[in-house]
**Student:** 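Please see the structure below; I have some questions.
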Amino acid sequence: MASLKAAYPWIKLPLVASAPMLGASTPRLAAAVTNAGGVGFLPGGSNAGTLDRLLQEVKTILGSTSGTGLQSRPGILPIGVGFQLFNSTQSLDSIAAVIKKYVPAVVWLFAPKENVDLQQWSKRIRSETENKTHIWIQVANQAEAMESIKLANPDLLILQGADAGGHGRRQAASLISLVPEVLDSLQEAGKEDIFVLAAGGIVEPRAAAAALALGASGIVMGTRFLVAEEAGIAQGWKQALLRTKDGGVATVRSTLCDRIKETRPEWPVEYDGRQLRNKGHDDEDAGMPEMENIKRYKEEMKKASDVNAWENDGRMVAYSGTGVGLIKNIQPAASIVEEILRGVRPVLERSATALEHEGKQSNL
Ligand SMILES: Cc1cc2nc3c(=O)[nH]c(=O)nc-3n(C[C@H](O)[C@H](O)[C@H](O)COP(=O)(O)O)c2cc1C
């Protein structure tokens, strides 16, 4: 099996990646994650001009900071770019030209309208960059994983469990069953060389260690990086994440986030989004007509810079995974990466020691 370090020489292990999150994953955030030994991602969006500007900004930041892998794979920008294919497909030509110009280490594909789009995108990206840009695909079930492999032969799969913040498949298992089942399927198909990362609900070292114990080679975090100093979201959203406890209750999977923003028709029907539960959900449950809910959301949007709009009785869409209750403070992205890198091994060692100790006790 090839090693992750050979593919991404600047990384530290286990691999920690920041999710591509529109509006949240700024060039500063992505560069900070890469500089700390992870893989930072930018959201690709659907506008080639914007993508060009974001990549140029990341390049400038990485070029002016030390400790990056800029030299470790010459000619490659040690950063990833993520695309939600269902709303990017029309712009493949112009986006491919930008990818060719910057040669990011990774292009991440998610949520195709038709599975065959994975084939078209991966082929095009690989040919534009002479295979220098690797393809990662985010999937949420066994069948989707195997279909993606058949169509696009990705270098890596991100397995997105049901606890994930933001958009994901409405029907999904948690990582605890998803990761081992997909790994078994990869082995049966003779595809053990495809790396696997776990995403969904992971915000600290214990969950990262659990993902490794399940067989993943690393993790992706979205929600945890929303509270990074460099994340480009509203302060009210950050504060809401910090004060929220009990993510299984405080967050909800629903299509309301898209209906209320009037973007639902664009999303493939299999997807919804996990966000903090708020007044919009309460009103919907109480029977408020959708048009009225949308109207009230639009009014509240005018106050998005006001932290109160992000209270539980507010209406703003604050995407969040179920790990939110474990997030304690706003800090630089580098220190989030370092916390995971430092924290995983002691967790695994503690478990091994506890098992050994218990074994000795019961043999007495
Ligand atoms: C605010 C937000 C925006 C996201 N946007 C994207 C996106 O544009 N593309 C994508 O592939 N995944 C996106 N995701 C999902 C992440 O890729 C990932 O699966 C998720 O964040 C993992 O769960 P966690 O948030 O509990 O860490 C987003 C997640 C969040 C929280």
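Worth knowing before you read on, the calculation uses all heavy atoms, side chains too, and leaves out hydrogens, waters and symmetry mates. Position 1 is the first residue of the sequence; numbering continues from there. We count ligands from 1, going down the list as the structure has it; atoms in each ligand are counted the same way.
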**Student:** Under a 4.5 Å cut-off applied to non-hydrogen side-chain atoms, are Arg224 and Gln331 in contact?
**Tutor:**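 The answer is yes; the side chains approach within 4.5 Å.
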**Student:** Partners of Arg274 by side-chain hydrogen bond (donor to acceptor under 3.5 Å, both in side chains), sequence neighbours excluded?
**Tutor:**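 So Arg274 forms a side-chain hydrogen bond (donor to acceptor under 3.5 Å, both in side chains) with Thr251.
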**Student:** When you measure from atom 22 (C) of ligand 1 to every protein heavy atom, which one gives the shortest distance, and what is it?
**Tutor:**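 Nearest neighbour among protein heavy atoms for atom 22 (C) of ligand 1, to 0.1 Å: Gly200 N, 3.6 Å.
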**Student:** Side chain, backbone, both or neither: which part of Arg224 has a heavy atom under 4.0 Å from ligand 1?
**Tutor:**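 No part of Arg224 comes within reach of ligand 1.
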**Student:** In terms of the angle between their ring planes, are His167 and Tyr319 parallel, tilted or perpendicular, with boundaries placed at 30° and 60°?
**Tutor:**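 The arrangement is tilted - the two ring planes meet at 30° to 60°.
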**Student:** Is the contact between Ala164 and ligand 1 made by the side chain, the backbone, both, or neither, using heavy atoms and a 4.0 Å cut-off?
**Tutor:**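 It is both backbone and side chain that touch ligand 1.
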**Student:** Suppose we measure from atom 16 (C) of ligand 1 to each protein heavy atom; which comes out shortest, and what is that distance?
**Tutor:**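 That would be Ala19 CB, 3.6 Å.
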**Student:** Could you tell me which atoms of ligand 1, counted from 1 in the order shown, lie closer than 4.0 angstrom to a heavy atom of Met221?
**Tutor:**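 By the 4.0 Å cutoff, the relevant atoms are 27 (O).
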**Student:** Please find the pair of heavy atoms, one from Leu29 and one from Ala333, that lie closest to each other, and give the distance.
**Tutor:**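 Nearest pair, atom of Leu29 first, then Ala333: CD1-CB, 3.4 Å.
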**Student:** Can you pull out the closest protein heavy atom to atom 12 (N) of ligand 1? Residue, atom name and distance to 0.1 Å, please.
**Tutor:**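 In this structure, atom 12 (N) of ligand 1 has Gln138 NE2, 3.6 Å as its nearest protein heavy atom.
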**Student:** For atom 26 (O) of ligand 1, state which one of Gly201, Gly44, Gly323 supplies the nearest heavy atom.
**Tutor:**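 Comparing heavy atoms across Gly201, Gly44, Gly323, the nearest one to atom 26 (O) of ligand 1 lies in Gly201.
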**Student:** Give the residue and atom name of whichever protein heavy atom lies nearest to atom 10 (C) of ligand 1, and the separation in Å to one decimal.
**Tutor:**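 Of the protein heavy atoms, Phe110 CD2, 3.5 Å lies nearest.
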**Student:** Which of the atoms in ligand 1, numbered in the order shown and given with their element, are less than 4.0 Å from a heavy-atom of Gly321?
**Tutor:**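 This gives 26 (O) as the contact atoms.
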**Student:** List the atom pairs, donor and acceptor, that lie under 3.5 Å between side-chain atoms in residues 36-46 and the rest of the protein, sequence neighbours left out.
**Tutor:**
none

**Student:** Check contact between Trp108 and ligand 1, using heavy atoms of the residue and a distance below 4.0 angstrom.
**Tutor:**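 Flag set, Trp108 near ligand 1.
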**Student:** Among all the protein's non-hydrogen atoms, which is closest to atom 21 (O) of ligand 1, and how far away is it?
**Tutor:**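 Closest protein heavy atom to atom 21 (O) of ligand 1: Gly222 CA, 3.3 Å.
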**Student:** With atoms numbered from 1 as shown, which atoms in ligand 1 lie under 4.0 angstrom from a non-hydrogen atom of Thr223?
**Tutor:**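 Numbered from 1, ligand 1 contributes 24 (P), 25 (O), 26 (O), 27 (O).
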**Student:** Decide whether an N or O pair under 3.5 Å exists between Gln84 and ligand 1.
**Tutor:**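 Indeed, backbone or side chain, Gln84 has an N or O that close.
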**Student:** Check each of Phe83, Phe86, Tyr271 against Phe110 using the ring-ring contact (aromatic ring centres under 6.0 Å, His included) test, and report the only one that passes.
**Tutor:**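 It is Tyr271; the other options fail the test.
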**Student:** Give a yes-or-no answer on whether the side chains of Lys150 and Asn115 include a donor-acceptor pair shorter than 3.5 Å.
**Tutor:**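 Judged by distance alone, the side chains do not pair up.
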**Student:** Around Lys100, counting heavy atoms of other residues, nucleotides and ligands shown, do more than 12 lie under 6.0 Å from its NZ?
**Tutor:**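 Counting other residues, nucleotides and ligands, NZ of Lys100 stays at 12 neighbours or fewer.
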**Student:** Using a strict cut-off of 4.0 Å, indicate which atoms of ligand 1 neighbour a heavy atom of Gln160.
**Tutor:**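 So the answer, numbered in order with elements, is 15 (C), 19 (O).
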**Student:** Could Asp282 and Arg277 be called an ion pair, given the rule that one side-chain N must be under 4.0 Å from one carboxylate O?
**Tutor:**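 Counted as a salt bridge, because a side-chain N and a carboxylate O are separated by less than 4.0 Å.
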**Student:** I'd like to check whether Gly165 has a polar contact with ligand 1, where a contact means an N/O of the residue lying under 3.5 Å from an N/O of the ligand.
**Tutor:**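 So ligand 1 has an N or O lying under 3.5 Å from an N or O of Gly165.
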**Student:** Should Tyr319 be counted as touching ligand 1, given the test is an N or O pair under 3.5 Å?
**Tutor:**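 For ligand 1, there is no N or O atom that lies under 3.5 Å from one belonging to Tyr319.
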**Student:** Any idea which protein heavy atom is nearest atom 30 (C) of ligand 1, and the distance to it?
**Tutor:**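 Of every protein heavy atom, Met21 SD, 3.5 Å lies nearest to atom 30 (C) of ligand 1.
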**Student:** So, taking the atom named NE2 in His134 and the one named CZ in Phe195, what distance separates them when rounded to the nearest 0.5 Å?
**Tutor:**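 Reported to 0.5 Å precision, the distance equals 9.0 Å.
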**Student:** Between Cys257 and Gln275, which heavy-atom pair has the shortest distance, and what is it?
**Tutor:**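 The pair with the smallest heavy-atom distance is CB-OE1, 3.1 Å.
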**Student:** Which residue supplies the protein heavy atom nearest to atom 5 (N) of ligand 1, what is that atom called, and how far is it?
**Tutor:**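 Minimum-distance protein heavy atom for atom 5 (N) of ligand 1 reads Pro20 O, 3.3 Å.
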